[in-house]
Amino acid sequence: MQLNTLIERVEVPAREGRLVRLAAGRRVRVTTETGGQVGDLFAFTGDDLSEHLSAAHTRAHLDRLFPAVGEQFVTDRRRPILTLVEDTSPGRHDLLIPACDPARYRALGVTSPHASCAENLRHALAGLGRELPVVPQPVNVFMDIPVDPAGGLAWLPSPAPPGAAITFEAVRDSVVVVSACPQDLVGINARGPQPLVVEVVEGARA
Ligand SMILES: [Zn+2]
């Protein structure tokens with residue numbers, strides 16, 4: 001098959017998460033068709049969820065806050081898992097902030113049930129029959145959290161325009177979960193929670 005031949009297309013409804021399997025060499029493309037929607041992306045090696053993409057290990061591996069195109073994300077065992085291969089957005093993605101979870105929304109004053117990226121991840125993985133001991137820190141695509149010289153963080157609305165996409169290539173067989181972040185109390189989603197599109201496409205190795 002040719003590079004970028006579509007293998008699977010999954011719509012991630014607003015506030016929900018979805019799982020795709022990625023054979024080594026294939027690519028996963030995340031698109032914000034509306035623009036301005038943050039996605040929390042998690043990756044694990046195969047169905048054995050004991051090894052995961054690690055934001056902290058990736059920062060140490062690269063000496064950068066986020067990989068540049070051509071650079072790799074690594075796992076908690078410091079093995080490459082995904083390569084960033086293409087980015088049509090303004091390139092603002094976060095590797096510092098943990099997934100939103102029920103405690104985060106309670107702290108923001110929410111008293112009724114509220115969807116979260118952590119719960120979306122657990123729901124997406126439920127079919128694999130394994131329980132996650134901890135929720136790994138995600139790759140927050142299209143999420144703009146600049147660091148100022150004094151070390152302060154700002155939570156800015158996503159600058160990704162409609163149709164912006166980011167593409168990763170699997171270095172090894174992976175399970176990838178993408179959550180369309182349901183955050184509606186902190187203004188990171190420029191248009192409020194919106195859907196995302198996740199596509200698995202053929203990579204350059206095929
Ligand atoms: Zn979230």
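Read the numbers this way: they start at 1 and go in the same order the structure lists the ligands and their atoms.
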Is there a donor-acceptor contact under 3.5 Å linking the side chains of [X] and [Y]?
X: His93; Y: Asp87; result: yes
X: Ser50; Y: Arg77; result: yes
X: Asn189; Y: Gln183; result: no

Backbone N or O of [Y] within a donor-acceptor pair of the [X] side chain at under 3.5 Å?
X: Arg122; Y: Leu132; answer: yes
X: Arg29; Y: Ala165; answer: no
X: Glu119; Y: Leu121; answer: no

### Query
Which protein N, O or S atoms does the Zn ion (ligand 1) have within a distance shorter than 2.8 Å?
Cys100 SG, Cys117 SG, Cys181 SG
